[in-house]
Amino acid sequence: MPDRPRFYLTTAIAYANNAPGLHTVYEVIGADVIARWRRMIGDEARFLTGTDEHSVNIAQSAEAQGITPKAFVDQKVELFRAAEDELLISPDRFIRTTDPDHYRAAQEMVRRAYDNGDIYPGTYEGWYCPNEGFKAPSDLLETASGMQCPNHPGIPLQWLSERNWFFRLSAYQDRLLAHYDANPDWVQPEYRRNEMLGFIRQGLEDFSISRAGAAWGIPFPIAENGETARREDGSWDPEAGTIYVWYDALINYITGAGFPDDMAAFERWWPADLHVIGKDIARFHTIAWPAMLWSAGLEAPRHVWVHGWLLVQGGERMSKSRGNFLDPHAVVAAFGADGARYVTLREVAFDKDTEVSWDSFVRRYNADLANDFGNLVNRTVSMVNRYLDGERPAPRVAEESPLAEGWADTLRGYRERLDGYLLHDALAELWEFVRGANRTVDAEQPWTLNKQAKAGEADAARRLRDVLGDLVEACRLVGLAVAPFMPAAAPRILGQLGHDYPYAPDGNGGPDVRELLGWGAANAEGRVTSTPEPLFPRVESEVAATPA
RNA sequence: GGCGGAGUAGCUCAGUGGUAGAGCAGGGGACUCAUAAGCCCUUGGUCGGUGGUUCGAAUCCGCCCUCCGCUACCA
């Protein structure tokens with residue numbers, strides 16, 4: 001029996017210093033849709049998401065609260081998990097950079113880079129905040145009295161240098177260019193690829209991968225003399241410092257595939273098929289990360305998708321620190337989990353920044369879900385009950401049904417958009433079909449056909465069954481196709497139509513959905529529900545008060 | 001400064017040479033199966049400015065204005 005195709009995809013891991021905003025879980029929702037689609041088409045999907053938990057900042061925040069860093073991140077991680085549970089996110093593993101196997105993975109990667117001659121001791125210089133450690137130049141304020149840390153304006157910064165380890169990124173410039181050339185679509189969208197190429201062509205510098213002063217991190221496994229930093233009692237020599245940022249965070253993707261504890265699993269899952277990330281960390285994922293992997297004798301990921309940001313009206317980036325964010329909990333409370341997923345992914349283009357607002361979400365929910373699709377299902381089920389005693393007729397054969405003809409185009413477009421990760425466009429394809437189905441109702445006027453049928457007109461009776469059979473089928477197909485986006489609503493939709501829903505809550509376990517998405521693929525007759533409860537109750541904007 | 005992208009109806013956007021489009025929002029109408037939903041019609045734009053190329057430009061070229069992205073060590 002041949003193996004099912006596998007599909008390993010990841011999100012960036014979220015910095016566990018705060019409660020998540022919608023802009024943070026946005027990419028997780030999008031990746032979740034891709035994972036569910038893969039499961040439903042029969043792939044063995046592995047979906048990894050999680051949290052990034054080491055940094056001087058986190059250690060400092062914990063200290064300010066009088067708790068250990070681990071206790072601090074444990075609290076924050078629970079907030080992320082709760083938000084993702086509410087949104088029906090379905091990770092196959094939720095990875096934390098404080099997980100023991102991740103420590104082993106990061107240390108092994110450092111060792112491999114060392115063995116390969118790609119890391120060397122050097123001197124790192126920079127502005128040093130006594131409270132936070134070294135600060136990035138882009139994260140400093142230049143004032144009349146000198147450089148200042150934005151978080152500690154009163155405290156003078158020091159220009160310090162320290163010994164730490166550097167990764168020889170410069171050695172990989174040619175290989176990176178060759179890789180970009182040989183794999184034109186490995187970074188998408190294309191304009192992001194071009195930005196990265198431009199960066200590489202400027203010339204790559206080595207970057208530091210350890211910090212001497214930061215205790216809250218993964219112990220650096222090698223002492224400056226090249227010997228192991230592990231002491232006889234099993235502890236790590238603090239003199240060796242800790243692994244800094246990218247040789248910690250990025251490694252999570254291979255930890256999640258089994259590296260280094262379960263190399264059989266790793267062989268199965270690596271290289272990843274897709275990293276879904278935000279544009280702020282594109283450079284690390286598309287330049288540093290492949291080089292780090294090559295240095296360790298591993299393959300680069302197959303694809304990196306760089307999504308945009310949620311902007312508020314006026315174009316400002318949505319962010320926790322600006323206080324202009326949407327609270328995922330409030331969005332779920334207003335629209336339900338399915339509605340929250342739908343409006344977020346329909347309103348925000350997956351390939352670029354988009355301005356959104358609470359009002360735009362309310363309008364989108366009401367127009368698309370309550371009015372167009374929810375009402376279509378409701379009126380269809382209601383008419384089957386009223387005119388046909390609840391007995392669902394089979395759809396016409398595709399050659400005789402105008403809706404079937406439209407569906408073929410819709411499905412093709414939907415799948416193309418999904419495969420291209422243009423999730424918002426994929427939904428637009430489906431809703432174009434929904435509009436057509438609503439037009440069909442008004443054009444055919446089943447209520448008129450019903451009166452004629454009751455008056456004994458056989459042609460009308462036949463046409464009534466044909467039309468309602470087609471409409472039920474249209475609802476089934478949309479409900480099933482949209483299941484990756486609305487995983488809780490899908491079984492309810494099919495249930496109201498009297499159809500089975502053969503998938504587990506995470507999308508696994510059923511037949512290849514592409515077979516079930518054919519017109520008439522589930523045409524056995526049955527009964528619709530006698531009391532169709534509205535799937536997406538209309539939201540009044542007054543009720544949906546301003547969030548957060 | 002360099003490279004790249006964008007400025008189109010109230011809003012979000014599509015449209016790369018041939019009489020300005022969609023959805024939403026607003027207005028009107030006919031219907032009634034339905035979540036006062038759906039359907040039909042409709043108001044609304046000198047396509048950032050300017051000068052060119054062309055029989056003809058939102059669409060090509062020049063210049064200008066505005067905004068945004070990348071231009072290395074933040075998670």
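In what follows, chains are A, B, ... by sequence order, proteins preceding strands, each numbered from 1. Just so you know, these numbers come straight off a predicted model, no measurement behind them.
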Report task. Report yes or no: is there a donor-acceptor pair, N or O only, under 3.5 Å between the side chain of A:Asn375 and the base of B:A34? Result -> yes

Short side-chain N/O contact from [X] to OP1 or OP2 of [N], under 4.0 Å:
X: A:Arg439; N: B:G38; result: no
X: A:Arg538; N: B:A37; result: yes
X: A:Arg201; N: B:C3; result: no
X: A:Asn371; N: B:G38; result: yes
X: A:Tyr247; N: B:C73; result: no

Query - Under 5.5 Å and under 30°: A:Phe207 stacked on B:C73 - result: no

What is the nucleic acid contact for [X], judged by heavy atoms within less than 4.0 Å: base, sugar-phosphate only, or nothing?
X: A:Gln202; value: sugar-phosphate
X: A:Phe199; value: base
X: A:Phe284; value: base

Query - A:His54: which of A:Tyr15, A:Phe72, A:Tyr103 passes ring pair (Phe, Tyr, Trp, His ring centres under 6.0 Å) - result: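 For A:His54, the ring pair (Phe, Tyr, Trp, His ring centres under 6.0 Å) test succeeds with only one of A:Tyr15, A:Phe72, A:Tyr103, which is A:Tyr103.
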
Query raised in the report: Which of the following nucleotides, B:A75, B:C33, B:C73, is nearest to the side chain of A:Ala249?
Result: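 My answer, after comparing the listed nucleotides, is B:A75.
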
**Report entry** Selected nucleotide, minimal atom distance to A:Arg363 side chain, candidates B:U32, B:A34, B:C11
**Finding:**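 Comparing B:U32, B:A34, B:C11 against the side chain of A:Arg363, the answer is B:C11.
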
Query raised in the report: Any side-chain heavy-atom pair from A:Ile209 and A:Trp246 closer than 4.5 angstrom?
Result: no

